[in-house]
Amino acid sequence: MSIIYDSTNRLFILENERIEYAFFIDGQNYLRHLYFGKKISPFSFSTSIDLGWDWSKTYLTPKDEEKVYADSYSSSTSMMEAPSNGRFDHRGSLISIKEEDGSYLTDFIYKSHRIYDGLPKLEKLPFATLNNGKASSVELILEDVLSHAELALTFSIIDGYDVIIRTSRIINNTKKDISIKRMYSLALDLPSSEYDLIHFPGDWSLERNVSRNRLTQERVVIESEYGTSSHMENPFNVLIEHQGNEDYGEAFGFNFLWSGNFRFEVNVDKLHSTRALLGINDSNFDYLLKEGEEVELPQGIIAYSNEGLNGLSNVLGDFIRDHIIRFSKAKEYRPLIFNSWEGCYFDFTTESILEYMNKAKEIGSELFVLDDGWFGERNQDDRGLGDWFVNLSKIDLKKAIDHCHSLGMKFGLWFEPEMVNPLSKFYKENPHCSIGHTEINRELSRHQLFLDLTNPDVVDNVAFQVNAILDEYEIDYVKWDHNRHIADNFSYYLSKENQGQVNYQMLIGFYSLCKKIIDTHPNIFFEGCASGGGRFDLGVAYFFPQIWCSDETDPVQRLYIQYGTSMGYPLSMIGSHVSKNQITSYKTKSDIAFFGTYGYEFNPTKLNEEEKKELLENLELYHSLHKDVILNGDLYRIYSPFDSNYFSQIAVSKDKREAAFIFANLRKENNSYRFVKLKGLDAKKRYVNSLDNKVYYGDYYMNVGLNLTGWINEFTSVMVVLKEEQEQMKGKEK
Ligand code: GLA
């Protein structure tokens, strides 16, 4: 049983083999949080009540006749699942509704509940899908005391996955319209402030730096108002116990299935309790919910591990691969990508592309991607977006695809469906197709505007154009790009009362566009991209199993970008290519790109023999290891480039029979001892390693380490493969 309901105490316990989440309905019908963490069953109510605030322990003890609540409830000190707005609790509310009389007071209390097997489904937004195992959910209907609007709040748990999923809908079955000023997806109260917050600030080409700070009495806000999840922050954020590290300590990972504006708030109050909130950013947000309507909130997830950040990453990796990403072939071997962009940008002809294909094939490419520049009048980035027809005077697409297939490679094409250049045929014919106000000079970014995806006609038009190409040509892969933020939040399509929901409706439009294009082409592999990693989130992962992680392909910068990204997302999502960048050898570039989805992106006609040889060194490893070790294995970070001279990780297959280890350094080091202790292996298995070809027990590798002692020059790397002894023997017997 994964959800236990104790009707005497009105206590709910969600549990699986390792975690437990408990809350109860108090005497005043508030939903009070009790505990989230390691499973400690049998969970006892008498223990749990001690976690709440006890009036008798404060100097503020009210007189008996003042005690309004039988169970010591105080809104400012209790742990709440749906914290109220505008009342005594100042730690931040979950939802705020403006009443007809102008009041912002919002207070949800329990009405009913139902427990059921499985996970809830959403109509318009991405949601976690039960692809294996057993899940249980409890849906609670809460009612706002003043407006009488309802919040349907569902908590779900899946056996084997240490994650709590929160799904919410606000239902307006009052007899009037209501105005929602805030609708967050997650709230978690913790009775301690002994945590560090880890978040992932960055910029274009510098995505997801790791920033870790100890919490003090404060309110910290991590947010995006860029219309997308953005390069600048990420909706994934972590609270880890202050003493915790990669391998030790309690850690909570917060994220949600949303790709737009977001806000993650952490509030440590004077009593040193911590409240974490995550949801759609309420800045410029105002959702008019008409009588009889309901609105879906993005689904929130909180992951838990008591094995530090590596434990948390693996909890999230499993959950995302198994229950968020829907592409049916996401776990299968992925053909090695060659992408044309950094090799030739817009400057290509049919003949040059055929030549690229021939050369790409020689270095083992299995999927050739023609990036930007094949459509409309797109010879530079100021025109063409919106005109999704082949530029036949530039490229004979059919000939190119036939040639690609005749070489035994699959073929992929680049699109940027959500955008339009003012210098395009589409824009001239549809001058009101983008968002923005005509009386304000709209700012172009990369010479482009954002289509008004709040308008279903615009969505249909683009879907029609893109689908026509996908249906006419034999296309196996699509890179779906997105190269500017959403700004000028005004839509001529939406009524004046609905302008406060432009960002929400733009995202609904984006997901609808994805459904119309991606869901109608279930065999095409779609990779997400947003000027590199500007939209790296779970809303995108739902449709796109892989996301281009950054436009920065300099391998040294990539160490940082891939390290930070790996904390919240599995390697199978992290798009990484070997590029032409000159800083390191091709072998080192290849080692670093190997710890992601792997591929090539340079001019293949310019490679010399030595460079080809270096690339081919890792090709065989890609074929034999990539699927089980990188795509579907576990990841353990060993050294962080953010606080050491090294970047080191090991990816281990689920059966622990194979592993790939990388050690890269930044600065030069003179001769010195360097024993690197590995992680995640089976202590009792014997592994042969590709460094000295000797066999040692996992125990040895994890406690003595790999001997990398000696001199190292700047920017070098070592990749070591470990295989269980009999696996190796099998290989030799073949
Ligand atoms: C973005 C992407 C690149 C490339 C270009 C094409 O910047 O991140 O990988 O596709 O667009 O214009």
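- Counting only heavy atoms from C-beta outward, the side chains of W480 and L513 approach each other to under 4.5 Å.
- A search for ring-ring contact (aromatic ring centres under 6.0 Å, His included) contacts involving F23 returns F12, F155, not counting sequence neighbours.
- Under the 3.5 Å distance criterion, with hydrogens and angles disregarded, no donor-acceptor pair is assigned to the side chains of N131 and R321.
- With sequence neighbours excluded, no residue forms a side-chain hydrogen bond (donor to acceptor under 3.5 Å, both in side chains) with N430.
- No donor-acceptor pair under 3.5 Å is formed between the side chain of S273 and the backbone N or O of P191.
- Of the candidates I178, I97, T174, I171, I178 is the only one forming a side chain to side chain contact (heavy atoms under 4.5 Å, CB included) with L289.
- Between Y504 and the options F285, W258, F262, a ring-ring contact (aromatic ring centres under 6.0 Å, His included) holds for only W258.
- The aromatic rings of Y304 and F36 are tilted relative to each other, their planes meeting at an angle between 30° and 60°.
- Other residues, nucleotides and ligands place no more than 12 heavy atoms under 6.0 Å from the CZ atom of F464.
- In terms of modelled atom types and a separation under 3.5 Å, the side chain of D189 and the main chain of M80 share a donor-acceptor contact.
- Inter-residue side-chain proximity for K181 and D282 is flagged as unmet; no heavy-atom pair is nearer than 4.5 Å.
- Side chain of T106 to backbone of Y104: a donor-acceptor contact under 3.5 angstrom is found.
- For K38, the NZ atom counts as loosely surrounded, since its 6.0 Å shell holds 12 or fewer non-hydrogen atoms of other residues, nucleotides or ligands.
- A pairwise comparison of heavy atoms in P417 and L451 identifies O-CD1, 3.4 Å as the closest pair.
- For Y184 and E265, the side-chain atoms include at least one donor-acceptor pair closer than 3.5 Å.
- Considering only heavy atoms from C-beta on, C514 stays 4.5 Å or farther from F526 through its side chain.
- A donor-acceptor pair under 3.5 Å is formed between the side chain of D144 and the backbone N or O of D107.
- Pairing each heavy atom of H482 with each of R484, the nearest pair is NE2-O, 3.3 Å.
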Please tabulate, one pair per line, all N/O donor-acceptor pairs under 3.5 Å involving side-chain atoms of residues 122-129, not counting sequence neighbours.
| unit_1 | atom_1 | unit_2 | atom_2 | d |
| --- | --- | --- | --- | --- |
| T129 | OG1 | F127 | O | 3.4 |

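- In this structure, the ring of H231 has its center no less than 6.0 angstrom from the ring center of F536.
- Pairing each heavy atom of I19 with each of V163, the nearest pair is CD1-N, 3.6 Å.
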With side chain to side chain contact (heavy atoms under 4.5 Å, CB included) as the test, would you mind laying out the steps for L153 and S168 before giving the verdict? CA-CA 5 Å; L153 176 58; S168 326; 3.7 Å; yes

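- Judged by distance alone, with hydrogens and angles left aside, the side-chain atoms of N503 form a donor-acceptor pair with the main-chain N or O of G227 at under 3.5 Å.
- A heavy-atom distance below 4.5 Å is found between the side chains of I165 and Q299.
- N455 and S491 form no side-chain donor-acceptor contact under 3.5 Å, judged by distance and modelled atom types alone.
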Derivation of the side chain to side chain contact (heavy atoms under 4.5 Å, CB included) call for I40 and E20: CA-CA 7 Å; I40 50 168; E20 196 148 41; 3.4 Å; yes

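- The closest donor-acceptor contact from the side chain of E497 to the backbone of S495 lies at 3.5 Å or more, if one exists at all.
- Side-chain contact between Y569 and N234 is present, with heavy atoms from C-beta onward closer than 4.5 Å.
- Between the side chain of D322 and the backbone N or O of I320 there is no donor-acceptor pair closer than 3.5 Å.
- Taking the six-membered ring where the residue is Trp, the centroids of H199 and F264 are separated by 6.0 Å or more.
- The local environment of NE2 in H272 is crowded, with over 12 non-hydrogen atoms from other residues, nucleotides or ligands closer than 6.0 Å.
- Sorted by first and then second residue, the salt bridge (charged side-chain N to carboxylate O under 4.0 Å, His left out) pairs with a member in residues 145-154 read K111-E150; sequence neighbours excluded.
- Pairs of residues two or more places apart, or lying in two chains, that qualify as salt bridge (charged side-chain N to carboxylate O under 4.0 Å, His left out) and include a residue from residues 164-176 are E81-R166, E139-R169, R169-E294.
- In terms of heavy atoms, A276 sits closest to L239 at CB-CD1, 4.3 Å.
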Show the numbers, then the answer: is there a ring-ring contact (aromatic ring centres under 6.0 Å, His included) between H33 and Y21? CA-CA 9 Å; H33 180 73; Y21 188 99; 5.0 Å; yes

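- A side-chain donor-acceptor contact under 3.5 Å links K39 to the backbone of N16.
- F252 CZ: more than 12 foreign heavy atoms inside a 6.0 Å radius.
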Between S224 and N261, is a side chain to side chain contact (heavy atoms under 4.5 Å, CB included) present by the stated rule, with each step listed? CA-CA 5 Å; S224 163; N261 287 346; 4.2 Å; yes

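- Residues meeting the ring-ring contact (aromatic ring centres under 6.0 Å, His included) test with F490, sequence neighbours left out: H437, Y492.
- By the 4.0 Å N-to-carboxylate-O rule, D89 lies close enough to R91 to be salt-bridged with it.
- Taking the six-membered ring wherever Trp is involved, the centroid distance between the rings of F236 and F200 falls below 6.0 Å.
- The existence of a salt bridge linking R442 and D488 is excluded, since no basic side-chain nitrogen approaches an acidic carboxylate oxygen closer than 4.0 Å.
- S259 and Y511 form a side-chain donor-acceptor contact under 3.5 Å, judged by distance and modelled atom types alone.
- Remark: side-chain polar atoms of E99 are paired, donor with acceptor, to backbone N or O of S147 under 3.5 angstrom.
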Evaluate the side chain to side chain contact (heavy atoms under 4.5 Å, CB included) criterion for residues V458 and N461: first the C-alpha distance (whole Å), next the side-chain angles of each, then the deciding distance (0.1 Å), finally the verdict. CA-CA 5 Å; V458 173; N461 190 320; 5.7 Å; no

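- Taking 4.5 Å as the limit, every side-chain heavy atom of S305 sits out of range of all side-chain heavy atoms of D162.
- Side-chain atoms of N284 and N489, non-hydrogen and from C-beta on, never get closer than 4.5 Å to each other.
- Of the charged side-chain nitrogens involved, none lies within less than 4.0 Å of a carboxylate oxygen, so that K290 and D177 do not count as a salt-bridged pair.
- For D286 and K98, the salt-bridge test fails: no basic side-chain N is under 4.0 Å from an acidic carboxylate O.
- A salt bridge links D460 to K516: one of the charged nitrogens lies within less than 4.0 Å of a carboxylate oxygen.
- S229 places no side-chain N or O within 3.5 Å of a backbone atom of R535 that could act as its donor or acceptor partner.
- In this structure, A303 and L312 approach most closely via the heavy-atom pair O-CD1, 3.7 Å.
- Of the N and O atoms on the side chains of D26 and Y110, not one donor lies less than 3.5 Å from an acceptor on the other residue.
- How far CD1 of I547 is from CE of M573: 3.5 Å, rounded to the nearest 0.5 Å.
- Here the shortest heavy-atom pairing between A187 and L94 reads CB-CD1, 4.0 Å.
- Here the side chains of I158 and F319 are in contact, with some heavy-atom distance below 4.5 Å.
- In this structure, E291 places its CD atom where more than 12 heavy-atom neighbours from other residues, nucleotides or ligands lie under 6.0 Å away.
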